[in-house]
There are 2 protein chains.
Amino acid sequence: MSAGHTAVTTPAAGEPVITCETPQDECGVRDVLDRLGDKWSVYVVVELAAGVLRFKELQRRIHGGISQRMLTVTVRRLERDGLVKRTVYPTIPPQVEYELTEMGHSFTHLVKALADWSIDHRPAIAAARADYDSAQGVDV
Amino acid sequence: MSAGHTAVTTPAAGEPVITCETPQDECGVRDVLDRLGDKWSVYVVVELAAGVLRFKELQRRIHGGISQRMLTVTVRRLERDGLVKRTVYPTIPPQVEYELTEMGHSFTHLVKALADWSIDHRPAIAAARADYDSAQGVDV
DNA sequence: CCGTATCCACAAAGATACTG
DNA sequence: CAGTATCTTTGTGGATACGG
């Protein structure tokens with residue numbers, strides 16, 4: 001893995017600094033965020049991380065219930081970005097299989113890091129929110 | 001750092017599996033994604049990673065130009081989630097300083113990972129997109 | 001200087017119906 | 001089964017004006 005693109009240094013005082021190759025740009029982070037940011041991409045990647053899935057299976061597995069349309073849109077975007085491979089079997093009825101590409105698999109490691117951090121800090125976040133809300137909400 | 005919450009195992013065939021503590025839940029990932037997903041949070045965190053900043057400074061530094069409203073909204077959300085600490089000096093004119101909390105600093109490591117991955121795979125993503133577009137767009 | 005409040009524009013997401 | 005097309009609804013972001 002490469003780790004030379006950005007640097008996080010923590011001085012004694014505890015102030016990490018993120019340095020980018022292209023300071024005027026967004027460090028390229030937005031490329032990923034645009035994929036992470038939309039509501040469903042991560043779920044699709046997570047489900048696909050488990051293996052090859054067909055459209056309907058994918059839809060059923062996703063918690064909360066994704067609409068056909070959104071699944072199509074999401075999966076198409078991921079395909080376009082080279083994270084997902086789509087294989088069509090021209091049978092009747094048609095069958096389409098989705099699976100992660102090499103890059104898609106490497107992406108799952110990011111998702112894992114995200115999940116770990118999230119689970120780790122969820123209590124702290126919840127506490128912070130409760131704290132904030134109780135402090136602000138008293139005299140409204 | 002804890003790393004026991006989720007597991008990415010890569011069998012011989014190359015199929016990583018992300019296992020979550022709460023399978024019916026979203027692995028808690030969405031908590032983080034909601035913060036990552038919005039347009040400005042990451043930029044604010046990146047700028048704040050460099051040190052303490054005042055409102056106007058923060059606004060000036062953010063590439064692309066964030067509006068007052070969005071900066072306020074963003075910074076408030078981050079404060080509510082315990083990632084940013086806001087210190088008000090009741091002077092005239094008023095002075096407000098923003099800085100990352102402990103949790104905010106740990107969050108910068110995620111952002112770094114994101115930036116690294118993004119920069120690493122940007123060429124591949126661009127290539128995949130060009131490929132996809134040229135294949136789909138010919139006879140439209 | 002550091003916001004809040006209001007209004008508006010646009011894009012994303014949901015529901016539904018229809019097709020190869 | 002695996003979509004596409006269309007409509008409606010919601011959410012996010014920008015501009016502006018005003019307040020402490």
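Every chain is numbered from 1 and lettered A, B, ... according to where its sequence line falls, protein lines coming before strand lines.
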I need the R76(A) CZ to R86(A) CZ distance, nearest 0.5 Å.
3.5 Å
Grab the CG-C1' distance between L71(B) and dA15(D) for me, whole Å please.
16 Å
By nearest nucleotide on DNA chain D, pick out whichever of R69(A) and V96(A) is the more 5' one.
V96(A)
Map R77(A) and P94(A) onto DNA chain C by nearest heavy atom, then report which one ends up closer to the 5' terminus.
R77(A)
Indicate, with a heavy-atom threshold strictly under 4.0 Å, whether T72(B) touches base, sugar-phosphate, or nothing.
base
Once you round it to whole Å, what is the distance between P of dA5(D) and CE of M70(A)?
16 Å
Looking only at the side chain of D38(B) (C-beta and beyond, no hydrogens), which of the listed nucleotides dG13(D), dT4(D), dA13(C) gets closest?
dG13(D)
Separation of atom CG in L58(B) from atom P in dG3(C), rounded to whole Å
10 Å
Check whether any side-chain nitrogen or oxygen of R60(B) sits under 4.0 Å from OP1 or OP2 of dC1(C), and answer yes or no.
no
Should R76(B) be listed as having a side-chain N or O under 4.0 Å from OP1 or OP2 of dG3(C)?
yes
Rounded to whole Å, how long is the line connecting atom CD of Q68(B) with atom P of dT12(D)?
21 Å
Out of dC1(C), dG14(C), dA2(D), which nucleotide sits closest to the side chain of F55(A)?
dA2(D)
Under the 3.5 angstrom rule, does the side chain of S118(B) hit a backbone N or O of L114(B) as a donor-acceptor pair?
no
Hey, does R54(A) reach any base, or is it just sugar-phosphate, or nothing, if we go heavy atoms under 4.0 Å?
sugar-phosphate
Shared ILVMFWY cluster between V96(B) and L83(B), side chains joined below 4.5 angstrom?
yes
Go nucleotide by nucleotide along DNA chain D from the 5' end; which of S67(B) and P93(B) gets its closest nucleotide reached first?
S67(B)
Rounded to whole Å, please give me the gap between CD in Q59(B) and C1' in dG14(D).
12 Å
CA sep, side-chain torsions, deciding dist, call: L53(A), Y98(A), side-chain contact (heavy atoms from CB on, under 4.5 Å)
CA-CA 5 Å; L53(A) 287 175; Y98(A) 294 94; 5.5 Å; no
Distance test, side-chain N/O of K39(A) to OP1/OP2 of dG14(C), below 4.0 Å
yes
To the nearest 0.5 Å, how far apart are CG in L48(A) and CG in L100(A)?
4.5 Å
Would you kindly give the CD1-to-P distance between I92(B) and dG20(D), to the nearest whole Å?
12 Å
Between dG11(D) atom P and D34(B) atom CG, what is the distance in whole Å?
12 Å
Rounded distance in Å - CH2 (W40(A)) to C1' (dA13(C))
9 Å
How is Y98(B) classified with respect to the nucleic acid when contacts are heavy atoms under 4.0 Å: base, sugar-phosphate, or nothing?
sugar-phosphate
